[in-house]
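Quick one: the structure is below, questions incoming.
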Amino acid sequence: MIGDPVRLKTAALLVLLGLLTMLAGIGQLTFWAPAETVTASVPSDTKAAPLTVIDQKLIALHDGPVKIKIQGEGNFMVATGRPDDVEAWVGETAHNTLTGVSADQKSLEVSSADGEATAPSPAGSDLWVSTEDASGDLDYTWNPPADGEWSLLVAGDGTKPAPSSISMTFPNNATTPWAVPLIVVGIIIILVGAALPFIAKAMSNRRKDRDDDEPRDGGETTTLPVQPSAKQSTEVQSPTGDEGRRRGAGTEGPALRITALAATMAAVMVGGTAIAAQATTTPEATSTSSAAAAADGGTPVMLESQLQRILEQVASTVDAADAAKDAAKLAPRVDKMELQIRTQNYKIRSAVSAYEPRMPVRATKLQSSVISTKRDWPRTVFALTQGEGNVVPQVLTLVQLSPRENYKLWGSAPLQPGTNFPSFPIPRKGTEPVPASDSTGLAYSGNEALEILSEMLTNPESPNRSKLADGQSSPYIAGALAYQADTVKNGTSANFKFTHTPVTNQTVVLRTADGGAVVVGRLDFAFEGTPKAAGDKLLLEDDSAVFAGGKETTTGMVLNFAESVAVYIPPAGSADPMKLVAATRGLVGASFK
């Protein structure tokens, strides 16, 4: 029958088509497979600038590790920081920003910003989580130090152009979504082609048997099969009548239907694969980590590892200055009240050898860290530390005034005996700052808390004494009141006045885990004495005499102390009183009237 050769040819074509389809799929996984990585470089005509920023969007453009190759003249560094920190440090300085990759993935897209021709050296800045130093060239593999968004800053000393030869190698996101479907479809087509002759033959036999069994008009008549002519078997027009339909069904019909079925299956599978491939290669429209962090209350201003490094530098600086009794050595890491107290302490110790030094600052044991989420400046963090020479833990207050300045120690106060430091949110989530004048969600504002404390220290019969837990039995409060009472008792020939006044511009408030807050601040303690009668004298101790210029006065004197305090404020609605958490004072001046 002429149908058999047609079926065999169709089957052979299907097998060949399947083999070609399968080989195309295998080729996409082997010799046609895209490279595993792509490398893009900064264009050679990029304008020189003292700073280069690698934007966080470029770093996060591809999943997987990013390798960065930098070549330059002399020494340079790569610093890792939060995007807003990098931007704030760069400020108005001229810089280049690497923002993306060109369509052909061979060049890095660069945005240039004009500005100041130089900048300070970024080395040693507290804003950086980590740095990489290099000379000449650097092969650097980017790994995020923590969750969230990060940018990189490339710079020399700030006065010379930053390295301009930068290339980045990313994992290649190009995929071969057609590979597996082509292999599967190819196998299906091969199987269909191999089975076609047998299926068509079986279908033809079934129709022949059915035709033989059909009754004819006029009785039982046996009709011999009529062989189709060559013209009939190749005629393009559809045959008419029963005989024509039987011939069409018995020749090209089965092969064409099976071939169409195979093509339909291939189209469905490839079409589905294309949709799936599109879903996996289209960037997801999800919110960034910064937005998520903002929803959670903000991103902490530093990692705990940064705080540990900063504390070690502060402790080392203070230790060296204490040993040399040299206030100039404090300048890089100490400021405000702590600088004043230690400077005056050095003056007294230089004249009075027996005078007690200030408690040393240690970073060897970080017991608690309180990291603010307030990302504009000034920024504040608290740290509870203890080490050699610290009989009790001490609360350290560190403040960064601007992006290009480092954190400095503003105050230190030993924890009150028998007092536990309040619990704060975990460092990686940070702590919400509160304006000193704001009492929202708190029993008192920070300013009100310090006012109540100062009133208690000035007047033991203060009407607000019930608002501060164990007011007179607190070790510090009790000691201050006893000192003042003894002075009055023993100074029968003089009148004395004691005042404790909050210094509002050095007050910091951070929320605790229970919804309360801790306020850390300064009180100015003034101790005035005036002779009762003409000829009466007031005698000063050796330490006060260093500042007053003498030990005796008949006109009167004033002693000045700086008090560093920390007070816990309960949340609004709580029946608990406030607690003095930490406190200390230091003599900072004395004068005659």
Side-chain angles (χ1 to χ4, degrees), residues 42 46-61 66 68 70 72 75-101 108-134 138 140-164 166 168 288-294 298-303 305-307 309-310 371-379 381 400-407 430:
V42 172
T46 300
K47 183 180 178 181
L51 305 174
T52 296
V53 177
I54 302 179
D55 189 81
Q56 61 87 18
K57 295 179 181 178
L58 176 59
I59 298 175
L61 185 62
V66 178
I68 305 172
I70 304 174
N75 298 326
F76 61 90
M77 63 172 290
V78 178
T80 301
R82 295 291 187 186
D84 59 335
D85 288 345
V86 173
E87 180 181 359
W89 195 94
V90 170
E92 300 299 321
T93 304
H95 62 281
N96 292 319
T97 303
L98 310 187
T99 58
V101 180
L108 294 171
E109 296 176 344
V110 182
S111 172
S112 297
D114 295 330
E116 298 170 0
T118 63
S121 173
S125 172
D126 286 344
L127 289 183
W128 316 139
V129 175
S130 62
T131 58
E132 291 282 342
D133 297 321
L138 173 68
Y140 177 72
T141 300
W142 162 249
N143 288 303
D147 293 338
E149 297 176 347
W150 301 95
S151 292
L152 299 179
L153 176 69
V154 182
D157 62 359
T159 62
K160 299 177 182 178
S164 58
I166 302 176
M168 301 179 67
T288 64
S289 56
S290 290
T299 303
V301 297
M302 67 172 67
L303 301 184
S305 59
Q306 282 176 271
L307 176 58
R309 185 187 72 222
I310 293 167
I371 302 175
S372 172
T373 57
K374 179 177 174 288
R375 298 200 62 82
D376 56 346
W377 282 268
R379 294 176 172 181
V381 297
Q400 185 184 40
L401 290 175
S402 66
R404 289 182 175 177
E405 294 183 76
N406 281 339
Y407 281 88

Next item on the list: Show your working on side-chain contact (heavy atoms from CB on, under 4.5 Å) between I54 and W142 and close with a plain yes or no.
Entry: CA-CA 11 Å; I54 302 179; W142 162 249; over 6 Å; no
Notebook entry, point to check: Do P50 and T118 have side-chain heavy atoms sitting under 4.5 Å apart?
Noted result: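 Of all side-chain heavy-atom pairs linking T118 with P50, none is under 4.5 Å.
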Notebook entry, point to check: How long is the gap from CZ on F76 to CG on D157, to the nearest 0.5 Å?
Noted result: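 F76 CZ to D157 CG: 13.0 Å, rounded to 0.5 Å.
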Next item on the list: Please name the pair of heavy atoms, one in G156 and one in S121, separated by the smallest distance, quoted to 0.1 Å.
Entry: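 Of all heavy-atom pairs spanning G156 and S121, the closest is O-OG, 4.4 Å.
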Next item on the list: Check whether any side-chain heavy atom of L98 sits under 4.5 Å from a side-chain heavy atom of T52, and report yes or no.
Entry: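 Yes - at least one pair of side-chain heavy atoms lies under 4.5 Å apart.
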Next item on the list: Mind checking the NZ-CG spacing from K47 to D114? Nearest 0.5 Å is all I need.
Entry: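 One gets 4.0 Å once the value is rounded to the nearest 0.5 Å.
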Next item on the list: Can you see which heavy atom on L138 is nearest to which on A134, and at what distance?
Entry: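 L138 and A134 have their closest heavy atoms at CB-CB, 3.6 Å.
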Next item on the list: Evaluate the side-chain proximity of L303 to R82: yes if any heavy-atom separation is below 4.5 Å, no if none is.
Entry: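 Heavy-atom side-chain distance check passes, below 4.5 Å.
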Notebook entry, point to check: Taking C-beta and beyond as the side chain, do V42 and S164 meet within less than 4.5 Å on heavy atoms?
Noted result: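 Of all side-chain heavy-atom pairs linking S164 with V42, none is under 4.5 Å.
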Next item on the list: Check whether any side-chain heavy atom of D85 sits under 4.5 Å from a side-chain heavy atom of R375, and report yes or no.
Entry: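 Yes, their side chains come closer than 4.5 Å.
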Checklist line | From L108 atom CG to T46 atom OG1, the distance as rounded to the nearest 0.5 Å | finding: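 With rounding to 0.5 Å, CG (L108) is 9.0 Å from OG1 (T46).
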Item checked: Over all atoms of both residues, closest heavy-atom pair of R404 and V90 ->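 In terms of heavy atoms, the two residues are closest at NH2-O, 3.0 Å.
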Notebook entry, point to check: Does atom CD of E405 have more than 12 heavy-atom neighbours from other groups under 6.0 Å away?
Noted result: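 Yes, CD of E405 has more than 12 neighbouring heavy atoms, counting only those of other groups under 6.0 Å.
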Check: Which value, rounded to the nearest 0.5 Å, describes the distance between W128 atom CH2 and R309 atom CZ?
Finding: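 Here the interatomic distance stands at 10.5 Å.
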Item checked: Contact summary for M77 and P122, nearest pair of heavy atoms ->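 Residues M77 and P122, closest heavy atoms: SD-CG, 3.7 Å.
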Next item on the list: Would you please test Y407 and L307 for side-chain contact (heavy atoms from CB on, under 4.5 Å) and show each step?
Entry: CA-CA 10 Å; Y407 281 88; L307 176 58; over 6 Å; no
Note to self: Does any part of the side chain of L153, heavy atoms only, come nearer than 4.5 Å to the side chain of L51, both counted from C-beta?
What the structure shows: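 They are in side-chain contact.
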Item checked: Spacing of CD belonging to E109 relative to OG belonging to S111, to within rounding of 0.5 Å ->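 E109 atom CD to S111 atom OG measures 10.0 Å (nearest 0.5 Å).
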Margin query: Ignoring hydrogens, what is the shortest heavy-atom contact between S112 and N96? Give both atom names and the distance.
Written below: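 In terms of heavy atoms, the two residues are closest at OG-OD1, 2.7 Å.
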Note to self: Pair Q400, V301 - check side-chain contact (heavy atoms from CB on, under 4.5 Å), show working.
What the structure shows: CA-CA 10 Å; Q400 185 184 40; V301 297; over 6 Å; no
Checklist line | Spatial distance of atom CG (L152) from atom CD1 (I70) [nearest 0.5 Å] | finding: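 Spacing of CG (L152) from CD1 (I70) equals 8.0 Å.
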Next item on the list: State, yes or no, whether a side-chain contact exists between L58 and T99 at a heavy-atom distance under 4.5 Å.
Entry: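 No, too far: nothing below the 4.5 Å cut-off.
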Margin query: If you count every heavy atom of other residues, nucleotides or ligands that lies below 6.0 Å from K374 atom NZ, does the total exceed 12?
Written below: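 Yes, the 6.0 Å shell around NZ holds more than 12 heavy atoms from other groups.
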Note to self: For a side-chain contact (heavy atoms from CB on, under 4.5 Å) check, start with the C-alpha distance between M302 and I310, then their side-chain angles and the critical distance, and finish with the verdict.
What the structure shows: CA-CA 10 Å; M302 67 172 67; I310 293 167; 3.7 Å; yes
Checklist line | Nearest non-hydrogen partners of L401 and W377, listed with the distance | finding: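 For L401 versus W377, the nearest heavy atoms are O-CB, 3.4 Å.
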Check: Is any NZ, NE, NH1 or NH2 atom of the basic residue among R379 and D126 found under 4.0 Å from an Asp or Glu carboxylate oxygen of the other?
Finding: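 So R379 does not pair with D126 through a salt bridge.
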